[in-house]
Protein chains: 2
Amino acid sequence: MSIRILVADDQSMVRAGFRMLLGGEPDIEVVAEASNGLEAVDKAARFHPDVVLMDIRMPELDGLEATRRILAADADARVLVLTTFDLDEYVYEALRAGASGFVLKDDPPEQLLAAIRIVAAGEALLSPAITKRVIERFTRLPRPEAPRGLEELTERELDVFRLVARGLSNAEIGKELFISETTVKTHITHVLRKLGLRDRVQAVVLAHEAALFEPDERPAG
Amino acid sequence: MSIRILVADDQSMVRAGFRMLLGGEPDIEVVAEASNGLEAVDKAARFHPDVVLMDIRMPELDGLEATRRILAADADARVLVLTTFDLDEYVYEALRAGASGFVLKDDPPEQLLAAIRIVAAGEALLSPAITKRVIERFTRLPRPEAPRGLEELTERELDVFRLVARGLSNAEIGKELFISETTVKTHITHVLRKLGLRDRVQAVVLAHEAALFEPDERPAG
DNA sequence: TTCGCCCTCCTACCTCGGTAGGAGGCAGCG
DNA sequence: CGCTGCCTCCTACCGAGGTAGGAGGGCGAA
């Protein structure tokens, strides 16, 4: 009754790493591997794994579209998305695509294992019901259409968002980024509109619920 | 090379539960138990466990003071504090006492196991560096003195704090709790002052960093 | 070059959030 | 009994946050 895993990543070294890591766990078994998105969809249909470990950046078909197709074929499938960057607009896409959770590639191995077990147990990742709320929020988008048109945040908007998520005021963010408070306001307005949020408070909640960031150096003050 | 655990809880049923739960894990071993704080300090010194599972409410010596003494005797000790309530002012005390993390007693077992493994691996709990920041923040308090005088939040203040942490506005909180917006403001002012925070945004950050809450039903709107 | 996007900054405006300070009711305690 | 703490609500004030709308410069694509 072990947890059956499909590993989908285009780098064979990475797949080997996961095989090694997961091989050491008695309750986890890698039953299949895929090196691109199409293969992942195919093998998910054939092997019906309990959890799909899905890299986002893959040839043929990226992890997001692959996730969508897997979920379309089997609504009960569990996909755990692997991301490289701390704050990545792909995260939103992944959640909308139906992923059960996501893990940073340079998280400690224990976290990946914990994530797999939690997802396999039917919970969404990291904060059980929390992530579900995020998923719901992003599932019922303001615009019912919007195919792949989810507006992405720009670099600068991400910079500001990160600092907002740490609780900084607009003035503090300005000092931190060497821009005026006015400019900070501009960026924040854009962030809020793009994400469909009301104010910075909701932005903080979202950032933390979805674990969209990892803390690095703190402001100079 | 399994993880060696000391379970400190005054209720033998609870201890038995942990023994059962942890006994099923191949990499975890319960090496000692304690039914009060003094015993916990004593056994921690004698057994040098990798992780101490520490209940807060205990006779003789509570979990907070026990944690302080254990850390005083061995700065490398890892204490994982168990709390019953989602948002408990003890959490702050626990962090200040040097706890590596904390877990809710009614969290799913997987989370406890994950927490133990993470703490044993030397990381602070749930969000690696994040909790460290919280600890730092509470270690260097505004007032160097303040012995046990950390002001506690009242029931109602906790209610409000919880909703703030979910991103609700004052008006929404008022509707949710059937009180006026003015009253909400009063409570929030008190919460901020007691916790030494600037505004609700910082409150949200704190709540999420320290994982002070668990999400339950969402507002009716 | 022209178009568009991004980043920067501005004024003006208004709402929301937080502070200050007071007030009444209610319950527990010495 | 009076004291204290908690919860409730109020007015008044003001600063921070968010919106609206415009503007200029840089840079890359068409």
Side-chain angles (χ1 to χ4, degrees), chain A residues 85 87-89 92 142 146 148-208 219 221, chain B residues 85 87-90 142 146 148-208 219 221:
Chain A
F85 309 109
L87 180 52
D88 194 327
E89 65 280 4
Y92 305 110
R148 64 207 164 289
L150 180 73
E151 302 185 84
E152 294 177 358
L153 299 185
T154 67
E155 270 304 306
R156 212 49 170 164
E157 286 162 0
L158 286 180
D159 290 339
V160 173
F161 189 8
R162 253 183 288 258
L163 297 178
V164 168
R166 284 206 232 146
L168 275 66
S169 70
N170 288 340
E172 288 168 340
I173 294 173
K175 282 176 194 161
E176 186 74 6
L177 298 179
F178 302 105
I179 58 181
S180 81
E181 190 179 340
T182 320
T183 305
V184 175
K185 285 188 175 187
T186 303
H187 290 312
I188 288 185
T189 297
H190 293 160
V191 169
L192 295 180
R193 182 160 35 216
K194 286 182 179 178
L195 299 183
L197 303 173
R198 181 177 58 197
D199 53 31
R200 71 198 296 111
V201 180
Q202 294 197 340
V204 174
V205 174
L206 172 66
H208 283 83
Chain B
F85 309 109
L87 179 50
D88 193 328
E89 65 282 1
Y90 287 143
R148 65 205 164 290
L150 182 72
E151 302 184 87
E152 296 178 358
L153 298 186
T154 67
E155 272 303 308
R156 212 48 171 161
E157 285 162 1
L158 287 180
D159 290 339
V160 173
F161 189 7
R162 253 183 288 259
L163 297 178
V164 168
R166 286 207 230 144
L168 275 66
S169 70
N170 288 341
E172 288 168 341
I173 294 173
K175 283 178 194 158
E176 186 75 5
L177 299 180
F178 302 103
I179 56 180
S180 81
E181 189 179 339
T182 319
T183 306
V184 175
K185 285 188 175 188
T186 303
H187 289 313
I188 288 185
T189 297
H190 293 159
V191 169
L192 296 181
R193 185 166 25 223
K194 286 182 180 178
L195 299 183
L197 303 173
R198 182 177 56 198
D199 53 32
R200 72 200 295 110
V201 180
Q202 294 196 341
V204 173
V205 174
L206 173 66
H208 283 80

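Order of the sequence lines fixes the chain letters, A, B, ..., with proteins taken first and strands second; residue numbering starts at 1 for each chain. These numbers come from a predicted model, not from an experiment.
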J.: Are B/Lys194 and B/Glu157 within salt-bridge range, i.e. N to O under 4.0 Å?
T.: yes
J.: Ignoring hydrogens and angles, state whether a donor on the side chain of B/Thr186 or B/Thr183 is under 3.5 Å from an acceptor on the partner side chain.
T.: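 No, no side-chain donor-acceptor pair sits under 3.5 Å.
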J.: Can you tell me how far P of D/dC7 sits from CD1 of B/Ile173, to the nearest Å?
T.: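 That distance rounds to 15 Å.
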J.: Please state how far atom CZ in B/Arg193 lies from atom P in D/dG5, giving the value in whole angstrom units.
T.: 14 Å
J.: Whole angstroms only, please: what is the CG-P distance between A/Leu197 and D/dG17?
T.: 17 Å
J.: Any donor-acceptor pair under 3.5 Å linking the side chain of B/Arg200 with the backbone of B/Leu168?
T.: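 Checked: pair present.
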J.: Distance from A/Phe161 atom CZ to A/Leu197 atom CG, nearest 0.5 Å?
T.: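 Atom-to-atom, A/Phe161:CZ and A/Leu197:CG are 7.0 Å apart.
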J.: Just how far, in rounded Å, is C1' of D/dG5 from CG of B/Leu153?
T.: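 Those two atoms, CG and C1', are 15 Å apart.
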J.: If you round to the nearest 0.5 Å, how far is CD of A/Glu172 from CZ of B/Arg198?
T.: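 Interatomic distance, B/Arg198 CZ to A/Glu172 CD, rounded to 0.5 Å: 4.0 Å.
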J.: Would you tabulate the pairs of protein nitrogen or oxygen atoms and nucleotide nitrogen or oxygen atoms of nucleotides 24-26 of chain C closer than 3.5 angstrom?
T.:
none

J.: When the axes are fitted on five pairs at both termini, how much does the helix from C/dT1-D/dA30 to C/dG30-D/dC1 curve, in 10° steps?
T.: 30°
J.: Contact class for B/Glu157 (heavy atom, under 4.0 Å): base, sugar-phosphate, or nothing?
T.: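 Contact class for B/Glu157: none.
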J.: Should B/Leu177 and B/Arg156 count as side-chain neighbours, where that means a heavy-atom distance under 4.5 Å?
T.: yes
J.: Roughly how far, to the nearest 0.5 Å, is the CD atom of B/Glu176 from the OG atom of B/Ser169?
T.: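 Answer rounded to 0.5 Å: 11.0 Å.
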J.: Is there a side-chain contact between A/Val184 and A/Ile179 in this structure, where contact means two heavy atoms from C-beta onward sitting under 4.5 Å apart?
T.: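 A side-chain contact exists here, since the closest heavy-atom pair is under 4.5 Å.
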J.: Once you round to the nearest 0.5 Å, how far does CG of A/Leu163 lie from NE2 of A/His187?
T.: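 It is 11.5 Å, given to the nearest 0.5 Å.
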J.: How long is the span from the CD1 atom in A/Ile173 to the CZ atom in A/Arg162, to the nearest 0.5 Å?
T.: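 So the CD1 of A/Ile173 and the CZ of A/Arg162 are separated by 12.0 Å.
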J.: Nearest 0.5 angstrom please: A/Leu192 CG to A/Asp199 CG, how far?
T.: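 Reported value, rounded in 0.5 Å steps: 7.0 Å.
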J.: List the protein contact pattern of nucleotides 9-18 of chain C with one symbol per nucleotide (5' to 3'): B for base contact, S for sugar-phosphate-only contact, - for none; contact means a heavy-atom distance under 4.0 Å.
T.: BBB-----BB
J.: If the cut-off is 4.0 Å, is B/His190 near the phosphate of D/dC7, judged by side-chain N/O to OP1 or OP2?
T.: no
J.: Rounded to whole angstrom units, what separation is found between the CZ atom of A/Arg156 and the P atom of C/dC5?
T.: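 For the pair A/Arg156 CZ and C/dC5 P, the rounded distance is 20 Å.
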